[in-house]
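When reading the values below, keep in mind they use all heavy atoms of this one structure, side chains included, and skip hydrogens, waters and symmetry mates. For reference, positions follow the sequence shown, starting with 1.
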Amino acid sequence: MNNKCNLLAAQMLADYCDKLSDNCCNDWEYPDDWTLEEKQKFKKDYHDWNGDPEVYDDDHLNLPDFAVAALLSAQLECTVTTKMPK
């Protein structure tokens, strides 16, 4: 994807994150083919980006759907810019 498409996808995910955060059920499951290490890295990346790395716990890897959308949005935007936005 080009930069404009990456930014568009990032904005759409950010908008989706807002919608998801209004849901009472925020269930999200990792894809079946993800290893434990991939799950741990993804959750650690989320907490580092979210500014609360002290909350990360190897034994509790669940994330709500809005958090996943927010992190993916930031990561996509990061592919276009040099720093990960909040």
Checklist entry - If Ile, Leu, Val, Met, Phe, Trp and Tyr residues are connected whenever their side-chain heavy atoms lie under 4.5 Å apart, and connections chain through other members, are Leu20 and Met12 in the same group? => result no
Item to check | pair Glu77-Asn6: side-chain heavy atoms closer than 4.5 Å | outcome: no
Item to check | Shortest non-hydrogen contact between Ala10 and Ser73, atoms and distance | outcome: O-OG, 2.6 Å
Next on the checklist: Ignoring hydrogens, what is the shortest heavy-atom contact between Asp45 and Leu71? Give both atom names and the distance.
Outcome noted: O-CD1, 4.2 Å
Checklist entry - Nearest heavy-atom pair of Asp57 and Asp59: which atoms, and what distance? => result OD1-N, 2.9 Å
Checklist entry - Nearest heavy-atom pair of Asp18 and Ser21: which atoms, and what distance? => result O-OG, 2.8 Å
Next on the checklist: For Trp28 and Phe66: C-alpha separation, side-chain torsions, deciding distance, then whether ring pair (Phe, Tyr, Trp, His ring centres under 6.0 Å) applies.
Outcome noted: CA-CA 9 Å; Trp28 178 79; Phe66 66 86; over 10 Å; no
Item to check | Nearest-0.5 Å distance, CG of residue Asn3 to CG of residue Leu8 | outcome: 12.5 Å
Checklist outcome for this item: Shortest non-hydrogen pair, His60 vs Lys43, comes out as O-NZ, 2.7 Å
Item to check | Side-chain heavy atoms of Cys5 within contact of Asn2, under 4.5 Å | outcome: yes
Checklist entry - Taking the side chain as C-beta and beyond, is there a heavy-atom pair between Trp49 and Gln75 under 4.5 Å? => result no
Next on the checklist: Does either side chain, that of Asp32 or that of Tyr30, offer a donor lying less than 3.5 Å from an acceptor on the other one?
Outcome noted: no
Checklist entry - Any sub-3.5 Å donor-acceptor pair from Asp52's side-chain atoms to Glu54's backbone N or O? => result no
Checklist entry - So with a 6.0 Å cut-off around CZ of Phe42, is the heavy-atom count from everything else above 12? => result yes
Next on the checklist: Counting C-beta onward and ignoring hydrogens, is there a side-chain heavy-atom pair between Leu36 and Leu61 closer than 4.5 Å?
Outcome noted: yes
Checklist entry - Is any NZ, NE, NH1 or NH2 atom of the basic residue among Asp48 and Lys44 found under 4.0 Å from an Asp or Glu carboxylate oxygen of the other? => result yes
